[in-house]
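Taking it in order: structure first as structure tokens, then the write-up.
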Amino acid sequence: MDSMLDNLSKTEFISICVQDPKLVKDDLWHTHVDYEICLQTNSMCFRKKASRVRRRYSEFVWLRHCLEQNALIIELPKLPPGNPFFSLRNTIQVSQRMKGMQEFLEIVLHSPLLLSDSRLHLFLQSDLSITKIEKCACGKTRYTVAEAIQRSKSGYTSRLEDKASCDSDCESSSSSSGLGLIVDTPLRGSPVPFFECSDRDPELFSCLSECQTPLIAPHSSCT
């Protein structure tokens with residue numbers, strides 16, 4: 001039995017990649033940069049074995065703060081420092097930030113304790129906004145954590161806050177553009193339901209194959 005568990009732990013993997021920075025236009029005066037997070041795994045800890053979502057730096061800061069509450073004696077890795085003069089045109093700044101955020105996630109995904117946090121899974125595999133992640137993790141939405149992950153269309157949906165309802169199970173979508181171009185955030189309209197995407201995403205597998213060697217995650221029981 002022990003040898004079977006040892007063999008499973010050796011073959012279990014989690015690959016994570018932070019890439020494709022894009023400038024997103026919030027309104028007439030404000031913009032922000034977000035990044036694509038590609039994840040591929042065979043770990044039983046994850047609902048989806050392949051996913052793509054987009055997150056911004058401030059959301060990484062939020063995630064670290066949440067994990068810190070559950071970390072106890074675990075020393076969490078640091079994120080790249082915030083920079084008020086950060087520019088998408090500065091390739092060195094962009095590269096360093098992406099590398100730092102990817103290294104942060106790699107270390108986090110090595111910890112069985114942190115892997116049990118539902119907010120981490122929603123962050124990595126759903127299109128929910130931070131506000132809705134908190135509500136979903138606390139059971140204050142009509143959908144469960146598993147449903148939010150399974151119904152998310154990974155990688156293609158922009159997150160808009162639904163200020164009219166605290167319990168909406170939908171997000172609005174937006175188009176995307178190449179590096180350095182602005183993505184206009186659409187006006188909030190009728191609810192758009194989540195779409196379930198296939199775990200077999202050839203584009204995702206391709207982008208992950210360009211990243212570094214997959215992580216080997218310890219075998220553990222996750223909730």
Side-chain angles (χ1 to χ4, degrees), residues 12 14 16 18 32 34-74 76-77 79 101 104-105 107-174 185 188-199 217-223:
E12 194 171 88
I14 305 172
I16 194 79
V18 178
H32 72 267
D34 67 14
Y35 309 82
E36 184 178 60
I37 304 173
C38 299
L39 186 147
Q40 181 185 353
T41 183
N42 63 357
S43 170
M44 66 180 66
C45 295
F46 289 86
R47 297 283 178 175
K48 279 187 176 180
K49 303 311 177 187
S51 61
R52 288 188 291 180
V53 298
R54 300 198 68 86
R55 297 290 178 191
R56 58 190 295 183
Y57 174 76
S58 61
E59 293 176 314
F60 276 82
V61 174
W62 169 86
L63 175 65
R64 189 182 186 280
H65 175 71
C66 290
L67 296 177
E68 200 169 29
Q69 297 173 348
N70 288 341
L72 301 178
I73 60 174
I74 297 177
L76 282 176
L79 285 167
M101 292 189 298
F104 167 79
L105 291 177
I107 296 173
V108 165
L109 293 175
H110 267 102
S111 170
L113 175 61
L114 299 179
L115 278 174
S116 67
D117 195 315
S118 59
R119 292 169 297 185
L120 173 63
H121 291 262
L122 289 167
F123 178 90
L124 292 174
Q125 296 200 302
S126 85
D127 293 319
L128 293 182
S129 66
I130 295 306
T131 301
K132 291 181 181 177
I133 286 178
E134 291 179 329
K135 291 175 180 176
C136 184
C138 293
K140 296 180 179 179
T141 53
R142 291 193 301 254
Y143 45 86
T144 65
V145 171
E147 289 170 342
I149 291 173
Q150 289 298 332
R151 295 178 185 178
S152 291
K153 184 181 180 184
S154 300
Y156 299 102
T157 305
S158 173
R159 300 171 307 282
L160 280 179
E161 200 58 41
D162 188 350
K163 298 179 181 178
S165 171
C166 295
D167 193 32
S168 173
D169 59 355
C170 58
E171 301 289 331
S172 297
S173 61
S174 68
T185 302
R188 178 164 52 86
S190 302
V192 180
F194 287 114
F195 296 92
E196 185 171 357
C197 73
S198 170
D199 286 346
H219 176 69
S220 61
S221 173
C222 300
T223 57

When the ring centroid of Phe60 is compared with that of Phe123, is the distance short of 6.0 Å?
->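 Distance test on ring centres: under 6.0 Å, yes.
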
Quick one: are [X] and [Y] in side-chain contact, heavy atoms under 4.5 Å?
{"X": "Thr41", "Y": "Leu109", "value": "no"}
{"X": "Asp34", "Y": "Tyr57", "value": "no"}
{"X": "Cys38", "Y": "Ile16", "value": "no"}
{"X": "Ile37", "Y": "Arg54", "value": "no"}
{"X": "Leu105", "Y": "Val18", "value": "yes"}
{"X": "Gln40", "Y": "Phe46", "value": "no"}
{"X": "Leu122", "Y": "Cys136", "value": "yes"}
{"X": "Asn42", "Y": "Glu12", "value": "yes"}

Side-chain donor/acceptor of [X] to backbone N/O of [Y], under 3.5 Å:
{"X": "Lys49", "Y": "Ser43", "result": "yes"}
{"X": "Lys48", "Y": "Ser152", "result": "yes"}
{"X": "Gln150", "Y": "Glu147", "result": "no"}

Check against side-chain contact (heavy atoms from CB on, under 4.5 Å), Trp62 and Arg56 = CA-CA 10 Å; Trp62 169 86; Arg56 58 190 295 183; over 6 Å; no

Minimal non-hydrogen separation, [X] against [Y], with atom names:
{"X": "Arg55", "Y": "Ser126", "result": "NH2-O, 2.9 Å"}
{"X": "Ile74", "Y": "Leu113", "result": "CD1-CD2, 3.5 Å"}
{"X": "Ser51", "Y": "Gln125", "result": "OG-NE2, 3.1 Å"}
{"X": "Leu128", "Y": "Ala148", "result": "CD1-CB, 3.9 Å"}
{"X": "Leu67", "Y": "Leu76", "result": "C-CD1, 3.7 Å"}

Spatial distance of atom [atom1] ([X]) from atom [atom2] ([Y]) [nearest 0.5 Å]:
{"X": "Ile149", "Y": "His121", "atom1": "CD1", "atom2": "NE2", "answer": "7.0 Å"}
{"X": "Leu63", "Y": "Met101", "atom1": "CG", "atom2": "CE", "answer": "11.5 Å"}
{"X": "Leu114", "Y": "Cys66", "atom1": "CG", "atom2": "SG", "answer": "11.5 Å"}
{"X": "Ile133", "Y": "Ser118", "atom1": "CD1", "atom2": "OG", "answer": "9.5 Å"}

Under the salt bridge (charged side-chain N to carboxylate O under 4.0 Å, His left out) test, residues paired with Glu68 that sit two or more places apart |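 Glu68 satisfies salt bridge (charged side-chain N to carboxylate O under 4.0 Å, His left out) with Arg64 once adjacent residues are dropped.
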
